[in-house]
Amino acid sequence: MAEGHGVAMAAGLAKQGMLPVFAVYSTFLQRGYSRLIHDVALQRLHVVLGVDRAGLVGADGETHHGCFDALFLSEIPGFTVLCPSSFAELRRMLRQALFEIDGPVAVRYPRGGEGDYREDRSVRRWSGSGRRTSRSWDTACW
């Protein structure tokens, strides 16, 4: 129940020059929404969110379905949302989120293991282009 505090703490660490990575269940991230806007995005802080349980999660139940984060994160100006399709893409996108993209970044990943798709078709170097599925201001879901 302290997701808002986690977001605020990550913002404080970023403000002091650190590179925080905050891992959080998608469905509970909504509790920190106002802090994502006011404490992270408006200050253009480099905070990386590891958004776990993105999408439908089956056995975890309906209270843990992560269906809304892609929508509300994509509406926050300056927020980059990355959606890897395989572990290979997850590794690359996490590196991009940490070392190539400025500002707030969310890396969404589903519950469980890797499916049949195991390729890496992510953009090798962050250039603002890729498999774009949604765009809002400076925000894209890849």
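Small disclaimer: the values here were computed from a predicted structure and weren't measured.
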| query | Taking all atoms of both residues into account, what is the closest heavy-atom pair of Ala41 and Ile76, and its distance? | reply | CB-CG2, 3.3 Å
| query | If every non-hydrogen atom of Arg108 is compared with every non-hydrogen atom of Pro84, which pair is closest and at what distance? | reply | O-CD, 3.0 Å
| field | Side-chain (Arg35) to main-chain (Gly4) donor-acceptor, under 3.5 angstrom | value | yes
| query | Ignoring hydrogens and geometry, is there a side-chain-to-backbone donor-acceptor pair from His46 to Ile101 under 3.5 Å? | reply | yes
| field | Least distance between heavy atoms, Val47 atom then Ala14 atom | value | CG2-CB, 3.8 Å
| remark: The side-chain contact (heavy atoms from CB on, under 4.5 Å) partner of Val107 among Leu98, Thr80, Val81, Leu90 is Leu90
| request: Check Ser85 against Glu89 and note the closest heavy-atom contact, atom names and distance. | output: N-OE1, 2.8 Å
| query | Is there a side-chain contact between Phe79 and Leu36, using heavy atoms and a 4.5 Å cut-off? | reply | yes
| Closest non-hydrogen atom pair between His38 and Gln43, with its separation | O-NE2, 3.7 Å
| field | Approximate separation, where rounding is to 0.5 Å, of Met9 CE and Phe22 CZ | value | 10.0 Å
| query | If Ile, Leu, Val, Met, Phe, Trp and Tyr residues are connected whenever their side-chain heavy atoms lie under 4.5 Å apart, and connections chain through other members, are Val105 and Leu13 in the same group? | reply | no
| Heavy-atom side-chain contact between Asp52 and Tyr109 under 4.5 Å | yes
| Within a strict 4.5 Å, meaning less than it, do heavy atoms of the Phe72 and Glu75 side chains meet? | no
| Is there a donor-acceptor contact under 3.5 Å from the side chain of Gln30 to the main chain of Thr27? | yes
| query | When rounded to the nearest 0.5 angstrom, what is the spacing between SG in Cys83 and CG in Leu73? | reply | 9.5 Å
| Do Phe99 and Val21 belong together in a cluster built from hydrophobic side chains that touch within less than 4.5 Å? | yes
| message | Let me confirm one number: the CG-CG distance from Leu19 to Leu45, rounded to the nearest 0.5 Å. | response | 11.5 Å
| query | How long is the span from the CZ atom in Arg91 to the OG atom in Ser86, to the nearest 0.5 Å? | reply | 7.5 Å
| query | So which heavy atom on Ala10 is nearest to which on Pro20, and how close? | reply | O-CG, 3.1 Å
